[in-house]
Number of protein chains: 2
Amino acid sequence: MKIGQLAQETGVSVRSLRYYEQQGLISPLRQANGYRDYSPLTVHTVDTIKLYLNLGLSTEQIAGFLTCVLRNKEAFCTEILPIYERKLTEIEAQIQQLNQIRGNLLDRIAAVQSERAEEDTNKE
Amino acid sequence: MKIGQLAQETGVSVRSLRYYEQQGLISPLRQANGYRDYSPLTVHTVDTIKLYLNLGLSTEQIAGFLTCVLRNKEAFCTEILPIYERKLTEIEAQIQQLNQIRGNLLDRIAAVQSERAEEDTNKE
DNA sequence: CTTGACTCTGACATTGATGTCAGCCTTTAT
DNA sequence: ATAAAGGCTGACATCAATGTCAGAGTCAAG
């Protein structure tokens, strides 16, 4: 199939499909006219790529285990668990940092509101 | 004072001080030789900028209320509360998204581990 | 007068997946 | 045959604060 059809079936833009290829995630054949020629199985591959991108993994990380995952169950691919765990640690650090900021924002909002309430009291 | 000294006193790089100026956050005078000439009060201004940057606000947002905040109490600056609240909403959305990813990662890690345990059982 | 430490401006790099455009070729439908 | 639709490559833009470099001017101490 051609790239436009694959894009339509996967919901991924033509631009992104070409990018995934550049990152080594998919390797379509070429027709005589130079057009990319995708196997129908590529739909599943792209769905898998989407899944890992949604977990926050980079195309580079995905490239590291995609071939294995497409052939086996995840549990068989030893590379993947460390990646998951590293990502989890990273995500949790980000959450903590955002929670810190959130707390600071709440404090400041409360401070502004109480100062205003005080001013209002003085005026009354 | 010159830019190097201000950088040292505030812990902000020379590069960033010039950037803040470009964004309209600080407007130093110029000496006859073209060197920036900062008032000692600018140390406080830069500390204030750092504070808001740490809350995740952009220089553009900070520019919108910095003058007011430097002259008055925050509560007096009506622009600031909506910005805080918008930022809070944004931060909370990000936290939620990260928590979603975190949950998915935990699920997949657990799945891999249980599949492996099963394989080990079969082998024994 | 020279050297080193500062300063100035302007510009490019960073990060990563995606959007978008230009210029050109191919296919399909009219 | 022509025009529209789609494909190809290559390139720049995005977002934002900061790092870093180049080339040039300034100042202070020796």
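Chain identifiers are assigned alphabetically (A, B, ...) following the order of the sequence lines, protein sequences preceding nucleic acid strands; residue numbering begins at 1 within each chain.
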Is it true that A/Phe76 and A/Leu51 fall in one hydrophobic cluster, defined by side-chain heavy atoms closer than 4.5 Å?
no
Scan side-chain atoms only and decide if A/Glu9 and A/Tyr38 contain a donor-acceptor pair under the 3.5 Å cut-off.
no
Rounded to the Å, how far apart are [X] [atom1] and [N] [atom2]?
{"X": "A/Arg36", "N": "D/dG6", "atom1": "CZ", "atom2": "P", "result": "17 Å"}
{"X": "A/Gln23", "N": "C/dG16", "atom1": "CD", "atom2": "P", "result": "10 Å"}
{"X": "A/Arg18", "N": "D/dG10", "atom1": "CZ", "atom2": "P", "result": "11 Å"}
{"X": "B/Leu6", "N": "C/dT7", "atom1": "CG", "atom2": "C1'", "result": "14 Å"}
{"X": "A/Gln22", "N": "D/dA11", "atom1": "CD", "atom2": "P", "result": "11 Å"}
{"X": "B/Gln8", "N": "C/dA5", "atom1": "CD", "atom2": "P", "result": "15 Å"}
{"X": "B/Gln5", "N": "C/dT7", "atom1": "CD", "atom2": "P", "result": "9 Å"}

For A/Arg30 and for B/Leu57, find the nucleotide of DNA chain D with the closest heavy atom, then tell me which residue's nucleotide is more 5'.
A/Arg30
Taking for each residue the nucleotide of DNA chain D bearing the nearest heavy atom, is the 5' side occupied by B/Ser13 or by A/Tyr38?
A/Tyr38
The answer to which of A/Asn33 and A/Val12 contacts DNA chain C further toward the 5' end, by nearest nucleotide, is A/Val12
Base of D/dT20, side chain of B/Arg15 - is there a donor-acceptor contact under 3.5 Å?
yes
Side chain A/Tyr19 and base C/dG16 donor-acceptor under 3.5 Å
no
Please pick, from [options], the nucleotide with the shortest atom-to-atom distance to any side-chain atom of [X].
{"X": "B/Tyr35", "options": "C/dC6, D/dC8, D/dT18", "value": "C/dC6"}
{"X": "A/Leu53", "options": "C/dT18, D/dG25, D/dG19", "value": "C/dT18"}
{"X": "A/Thr59", "options": "C/dT18, C/dA17, D/dG19", "value": "C/dA17"}

Report yes if some heavy atom in the side chain of A/Leu25 is under 4.5 Å from a heavy atom in the side chain of A/Tyr19; otherwise report no.
no
Which atoms form the tightest heavy-atom contact between A/Ala75 and B/Arg116, and what is the distance?
O-NE, 2.8 Å
Do B/Arg18 and B/Glu21 sit within salt-bridge range, that is, some charged N less than 4.0 Å from a carboxylate O?
no
